[in-house]
Number of protein chains: 2
Amino acid sequence: MAPTGKLATDLVQALERDIVTGVLKPGDRLDERSLSERFAVSRTPVREALQTLAGTGLVTTMPRRGTVVASITIAELIEMFEVMAELEAMCARLAARRMARVDVEKLFALSAECAALRDHANADGYYEANVRFHEAIYAGCRNAYLERQTKNVRNRLSPYRRLQLHRPGRVERSSDEHADILKAISTGDAVQAGDLMRAHVAVQGEALNDLLAIVPRAYLEPLAS
Amino acid sequence: MAPTGKLATDLVQALERDIVTGVLKPGDRLDERSLSERFAVSRTPVREALQTLAGTGLVTTMPRRGTVVASITIAELIEMFEVMAELEAMCARLAARRMARVDVEKLFALSAECAALRDHANADGYYEANVRFHEAIYAGCRNAYLERQTKNVRNRLSPYRRLQLHRPGRVERSSDEHADILKAISTGDAVQAGDLMRAHVAVQGEALNDLLAIVPRAYLEPLAS
DNA sequence: AAGTCATTTTTGGTATACAAAAACACATAG
DNA sequence: CTATGTGTTTTTGTATACCAAAAATGACTT
C-alpha cells in the first residue's frame with residue numbers, strides 16, 4: 001500500500017537494540033507476522049532483517065521451526081569469552097601503541113566517569129560507562145576490522161555480560177582494573193595493556209560457574225527448549 | 001512452480017564457493033535477476049542468500065545500488081591479516097594444549113602431504129593441502145566458536161591469499177614453517193606454537209607491499225569502481 | 001482409556017506483481 | 001564540442017498471494 005520508504009535496515013537496528021538491551025531475551029520467539037504488524041511493514045523486510053541477524057548470530061533460525069533470539073549454551077559461552085578476552089587484549093595492545101594523545105585524554109575522562117559511578121549502587125549506569133570505556137579502546141586500536149569483530153562478539157555476549165556486574169564487588173574491581181589498563185596504555189606498555197585486558201575480560205568467563213547459580217533458567221537452556 | 005524443496009542455503013554455498021575459489025572476482029556485480037534464472041529460482045531466495053553473504057562480509061550491498069563481490073582496500077587487507085594472524089596464533093596455542101594424540105597424528109600426515117607437494121610446482125595443489133593443514137589446527141583448538149570465526153576471516157581473505165603462494169620461494173618456506181609449528185604443537189609448547197603461527201600468517205600480511213606489484217588491478221580497487 | 005492416524009490449522013518458504021529510485025542514453029542548448 | 005536536462009530503461013525494494021510442511025487437535029480403533 002503506502003510504500004513507507006523506510007529501509008529494512010531499520011528493522012535490523014531496532015531488533016538488535018532490543019536484543020542487546022535485554023528487551024528481548026534469549027529463547028524469545030520472533031514471529032514474522034507479529035513483527036510485521038508491529039513495524040507496519042510486510043513479512044518480506046522482516047524476513048530479510050531476521051536473515052541478517054541470523055548472520056551475525058544474534059538470532060537462530062531453525063528451518064521450518066521459526067527464529068528465536070539466540071540462546072547460548074554454557075559451553076559456547078565459555079568459548080566466546082575465551083575469544084573475547086583475546087580480541088580485547090589485542091585491542092588494548094594495539095591501542096597502547098597507536099592511540100593518539102588526545103584520545104588517551106578522552107579515555108581518562110571515561111575512566112573517571114566509571115570511577116564516579118562505581119559507588120552509586122547504580123549497576124546499569126556503570127554498565128553504560130563501562131561500555132563506552134571499552135569501545136574507546138576498540139577505536140584506539142586503529143584497526144576498523146578488529147573493532148567491528150570485537151563489537152560483534154560483545155553484542156552477542158551482552159545479554160549475559162549485563163548480569164555479571166550485579167555480582168558483589170565486581171563493579172569496584174572492574175573500575176580498578178580499568179585504571180590499571182589505562183595506565184599501561186598511556187605509558188605505551190603494549191604487552192602489559194594486553195595482559196591486563198585479557199585478565200579483565202577473562203575473569204568474567206572464569207566466573208561462569210558462579211553464573212550458573214544466578215542466571216535465570218531461560219538464559220542457559222540450549223536452543224531446543 | 002516446481003517447488004524445489006531445496007533450501008536457499010544451497011545458493012549461499014554455491015555463491016560462497018564461487019567467490020572463495022575465484023570464479024567470481026571482487027567487484028563483480030551480483031545481479032539478482034541473472035542469478036535467479038541461473039539457479040532456476042525466483043529473486044526471493046537469491047536476495048536472502050545475498051543478505052546472508054553480506055552478513056559474512058563476502059559481498060557488499062549498497063542500498064538501492066545492488067550487491068557486488070566485496071572488494072577490500074589495501075588498508076582493510078592489512079587490518080584483516082593482523083586479526084587473522086592473531087586468531088590463527090590463538091588456534092595454534094590452544095591446539096598445542098588440547099589436541100588429542102590421534103589428531104596430532106593426522107596433522108603429521110597433512111604436513112607430509114604439504115611437503116610432498118612443495119616441489120611439484122603445483123601451487124594450486126599445495127594451496128588445497130595448506131588449507132587442510134590449517135583447518136586441522138583450527139579444529140584442534142577445541143573451541144568451535146573460534147574455529148568458525150577464523151574460517152570466516154580466512155574465507156574473506158582467500159581470494160587474496162591464493163595469489164601469495166605464487167611468489168617465488170613462498171611454498172618452500174611455508175612448508176618449512178608448517179613443520180616447525182607442528183613440532184611445537186606435538187611437544188605441547190603452546191607459546192611457541194602460537195608465536196610461530198603468528199609469524200607464519202603475518203608474513204603474508206607484511207608482504208602486502210610486494211603484492212601491490214603483482215595483483216590484478218581489479219583486486220585492489222575500492223568498492224566505488 | 002490410551003495410542004495412533006488423519007485432518008485442520010498455523011507458519012515458514014517461494015513466487016509474482018508493483019512501485020520507486022538510480023543508471024543510461026539521447027537530445028538539445030550553450 | 002561539451003555539458004546538462006529529460007525521458008527511458010534497468011534494477012532494487014516492498015507487498016501480496018500461493019504453496020508446502022510441521023505442529024495441534026480430534027476421532028477412531030484397539
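Numbers restart at 1 for each chain; the letters A, B, ... are given by sequence-line order, proteins then strands. Keep in mind it's a predicted model, so treat the numbers as computed, not measured.
- A distance-only check finds a donor-acceptor pair linking the side chain of A:Ser36 to the backbone of A:Arg33 [under 3.5 Å].
- A salt bridge links B:Glu32 with B:Arg47; the closest basic N to acidic carboxylate O contact falls under 4.0 Å.
- One atom, CZ of B:Arg64, and another, P of D:dT14, lie 7 Å apart when rounded to the nearest Å.
- Remark: P of D:dT14 and CD of B:Glu32 are 11 Å apart, rounded to the nearest angstrom.
- Crowding of A:Arg98 atom CZ: a count of heavy atoms from other residues, nucleotides or ligands under 6.0 Å exceeding 12.
- When the side-chain nitrogen and oxygen atoms of A:Arg47 are compared with OP1 and OP2 of C:dG13, one or more of them lie within a distance under 4.0 Å.
- Whole-Å rounding puts the B:Met62 CE to C:dA21 C1' distance at 14 Å.
- Residue contacts for A:Arg65: at a heavy-atom cut-off of 4.0 Å it reaches the sugar-phosphate backbone alone, with no base atom in range.
- Rounded to whole Å, atom P of D:dG13 lies 13 Å from atom CG of B:Leu30.
- Between the C1' atom of D:dA17 and the CZ atom of A:Arg33 lies a distance of 11 Å, rounded to the nearest Å.
- Between C:dT14, D:dG13, C:dT11, one nucleotide has an atom nearer to the side chain of A:Asp31 than all others, and that is C:dT11.
- OP1 or OP2 of D:dA15 lies within a sub-4.0 Å distance of a side-chain N or O belonging to A:Ser42.
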(request) Check the pair B:Arg142, A:Glu79 against side-chain contact (heavy atoms from CB on, under 4.5 Å), reporting the backbone distance first and the verdict last. (result) CA-CA 9 Å; B:Arg142 300 303 182 102; A:Glu79 289 181 356; over 6 Å; no
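- When each of B:Thr67 and B:Thr44 is assigned the nucleotide of DNA chain D with its nearest heavy atom, B:Thr67 is the one assigned upstream, toward the 5' end.
- Between B:His178 and B:Tyr126, the ring planes lie parallel to each other; the angle is under 30°, not in the 30° to 60° tilted range.
- Computed from coordinates, the A:Gln51 CD to C:dT14 P distance equals 9 Å when rounded to whole Å.
- Side-chain proximity of B:Arg29 to the nucleotides C:dG12, C:dT14, D:dT11 is greatest for D:dT11.
- Between A:Glu48 atom CD and C:dG12 atom C1' the separation is 15 Å, expressed in whole Å.
- Among the nucleotides D:dT11, C:dG12, D:dG13, the one closest to the side chain of B:Arg43 is D:dG13.
- A straight line from CD of B:Glu37 to P of D:dT10 spans 13 Å, rounded to a whole angstrom.
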